[in-house]
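Dumping the structure here so I can ask a few things about it.
Every chain is numbered from 1 and lettered A, B, ... according to where its sequence line falls, protein lines coming before strand lines. These values consider heavy atoms only, across backbone and side chains, with no hydrogens, waters or symmetry-generated copies.
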2 protein chains.
Amino acid sequence: MNGKIKIALADDHNLFRKGVEEILEDFDNMEVLYSVPNGRELIAKLAAAPVLPDVCLLDINMPELNGFETAKMIKDKWPQIKLLAVSVYDTEFNIIGMLRAGAGGYLLKDAQPYALKNAIEQIYKNGFHHSELVTGRILHQLISHPNKTNSAELNEKELQFLKLCCTEMTYREIADVMSVSPRTIDGYRDQLFEKLNIKSRTGLVIYALKSGIALLDEHT
Amino acid sequence: MNGKIKIALADDHNLFRKGVEEILEDFDNMEVLYSVPNGRELIAKLAAAPVLPDVCLLDINMPELNGFETAKMIKDKWPQIKLLAVSVYDTEFNIIGMLRAGAGGYLLKDAQPYALKNAIEQIYKNGFHHSELVTGRILHQLISHPNKTNSAELNEKELQFLKLCCTEMTYREIADVMSVSPRTIDGYRDQLFEKLNIKSRTGLVIYALKSGIALLDEHT
DNA sequence: GGTTGCTACCGTGAAAACACCTTTTTTGAA
DNA sequence: TTCAAAAAAGGTGTTTTCACGGTAGCAACC
């Protein structure tokens, strides 16, 4: 026990992760225990660990096991570990989803190193750190609808539909692919418009891409 | 002159960029001269620089001035500076686009630090570094269609229109913003459909995002 | 049994997006 | 200065998208 904040990192972009490692090691009150490229490996590390980290930095878009799922599993098995979500996108989908999944804070990848240091220290001390990103509106939504299925909990159909929205298919064609009536597709769409506060298919596409539900490099 | 490879970095994700800085400083044959969040600032730095860097690491998706444009401008003004493109996406569009724009190599953000070191050293020495990413097929396309620049033949209006397509604005609203008739907007759209072999607005959005003409995180 | 809630589905009408074809205005090179 | 090309704008009609109100089936739960 040397008094340092023990940290674990999970991010599939190796350069980014190694870079953050270096940055953290420069802070004299922090040390990196584990550094892995996805959630599954992080869980495995924790399960086999002689010493648990105090804080985990979690990327949201990871292969194998994404940030949401990883956060839930960690909070389930090791509730004392504090979680800090890290992402490129500042969408409500991601922020609310990660906070609900148990993260104590949310940091963007364009943050400055001192902001990272600050966030980790606050999360270590208080269990949470809320930057200006987490607005009153988002906090309000978290508090007032704690059980309501939020955007982070879209069902399988909605996810599949969202992915198909990011193609040049018409809704009729999407209905065909999903083997449902075009009216049902209308329903999926209207439901997503409502849930995500969106008004057009273009909005759905942007959302699906920002949230990582659909990926840019999937359609060639 | 200390014999070190002089490097400049341009990437809008501060944590990533600072992390890469740290990684590079660990290599005893490299030093970071400039580190900026976008292409415009990099150009400004270079224009005012007492010492030019040997190699520039360029992110593709940056605000202000993206990787393609930045690469072209640098190669135009300072052809002796070697360029290494860095991106999360391994799409042909990006790879070919950056190589055409003058980059000597293409590296993914999930690369390991030694791969980064290796790439920089090779580019410094030979002017290029081709990982397994750059397949024979891509090289062939580069050679056989040397003039077919992917997005370069789009004019200012079309670029602005494409960006506005990636919002929830209707065409009528876009026409208003661009101060032209809705019919003119129809023209821009149909022209892009023709040029890019696209059939819907969704297709335009995907194209704009893939190509870096529009960015997911600049939604303002 | 009735109520609640959820999912799939339908009808209609309005708005937006798309296709095709024509006219006017601008531009710029011969 | 003239002519041709390109850009901007218009007319018209079809298809797709979106909004709204509603029905049918099914499971859970007092």
* To do: Measure from the side-chain N and O atoms of A:Lys75 to the backbone N and O of A:Ile81, and report whether any donor-acceptor pair falls under 3.5 Å.
  =>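 Yes; at least one donor-acceptor contact below 3.5 Å.
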* Structure fact -> In 5'-to-3' order, the base (B), backbone-only (S) or no-contact (-) status of each nucleotide in nucleotides 13-23 of chain C, using a 4.0 angstrom heavy-atom cut-off, is ----SBS----
* Asked: Between D:dA7, D:dA8, C:dC9, which one does the side chain of A:Thr184 approach most closely?
  ->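 The answer is C:dC9.
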* **N/O (side chain, A:Tyr188) to phosphate O (OP1/OP2, C:dA8) under 4.0 Å** =>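 Yes.
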* Calculate the interatomic distance between A:Ile174 atom CD1 and D:dC18 atom P; express it in whole Å. =>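 Whole-Å distance recorded here is 10 Å.
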* **Residue mapping more 5' on DNA chain C - nearest nucleotide basis, A:Gln191 or A:Pro182** =>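 The residue closer to the strand's 5' end, by nearest nucleotide, is A:Gln191.
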* To do: Using salt bridge (charged side-chain N to carboxylate O under 4.0 Å, His left out) as the criterion, list what pairs up with B:Arg201, not counting sequence neighbours.
  =>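 Per chain and number, B:Arg201 pairs via salt bridge (charged side-chain N to carboxylate O under 4.0 Å, His left out) with no residue.
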* Which value, rounded to the nearest 0.5 Å, describes the distance between B:Asp110 atom CG and A:Met62 atom CE? ->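 One gets 13.5 Å once the value is rounded to the nearest 0.5 Å.
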* **Between D:dA19 (C1') and A:Leu192 (CG): distance, integer Å** =>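 Going from CG in A:Leu192 over to C1' in D:dA19 covers 16 Å.
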Short heteroatom pairs, N/O only, protein and nucleotides 24-28 of chain C, under 3.5 Å:
none

* To do: Rounded off to whole Å, could you give me the CD-to-P distance for the B:Glu173 and D:dC18 pair?
  =>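 In whole Å, D:dC18 P lies 13 Å from B:Glu173 CD.
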* **Value rounded to 0.5 Å, distance of SG in A:Cys165 from CD1 in A:Ile206** =>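 One gets 12.5 Å once the value is rounded to the nearest 0.5 Å.
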* To do: Just jot down the salt bridge (charged side-chain N to carboxylate O under 4.0 Å, His left out) partners of B:Arg172, sequence neighbours excluded, or say none.
  =>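 With sequence neighbours excluded, B:Arg172 shows a salt bridge (charged side-chain N to carboxylate O under 4.0 Å, His left out) to no residue whatsoever.
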* A:Glu194 atom CD, neighbour heavy-atom count above 12 within 6.0 Å ->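 Result for CD/A:Glu194: open.
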* **Distance in angstrom units between B:Ile185 CD1 and D:dA8 P, rounded** =>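 Rounding to the nearest Å, CD1 of B:Ile185 and P of D:dA8 are 9 Å apart.
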* Heavy atoms of other groups near A:Phe128 CZ, more than 12 under 6.0 Å ->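 Counting other residues, nucleotides and ligands, CZ of A:Phe128 stays at 12 neighbours or fewer.
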* In whole angstrom, give the distance that lies between atom CZ of A:Phe161 and atom P of C:dC9. =>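 To the nearest whole Å, that distance equals 14 Å.
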* Whole-Å distance between D:dT16 P and A:Glu168 CD? ->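 From A:Glu168 CD to D:dT16 P: 13 Å.
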* Sequence-distant partners of A:Glu121, salt bridge (charged side-chain N to carboxylate O under 4.0 Å, His left out), two or more places apart ->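 Salt bridge (charged side-chain N to carboxylate O under 4.0 Å, His left out) list for A:Glu121, sorted by chain: A:Lys117.
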* Rounded to whole angstroms, how far apart are CG on A:Asn197 and C1' on D:dC18? ->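 In whole Å, D:dC18 C1' and A:Asn197 CG are 15 Å from each other.
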Could you tabulate the donor-acceptor pairs under 3.5 Å formed by side-chain atoms of residues 38-56 of chain B, not counting sequence neighbours?
{"from": "B:Asn38", "atom 1": "OD1", "to": "B:Arg40", "atom 2": "N", "distance (Å)": "3.0"}
{"from": "B:Asn38", "atom 1": "OD1", "to": "B:Glu41", "atom 2": "N", "distance (Å)": "2.9"}
{"from": "B:Arg40", "atom 1": "NE", "to": "B:Glu64", "atom 2": "OE1", "distance (Å)": "3.3"}
{"from": "B:Arg40", "atom 1": "NH2", "to": "B:Glu64", "atom 2": "O", "distance (Å)": "3.4"}
{"from": "B:Asp54", "atom 1": "OD2", "to": "B:Lys6", "atom 2": "N", "distance (Å)": "2.8"}

* Out of D:dG10, D:dA8, C:dC9, whichever nucleotide has its closest atom nearest the side chain of B:Lys157 ->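 When the side chain of B:Lys157 is considered, D:dA8 is the closest of D:dG10, D:dA8, C:dC9.
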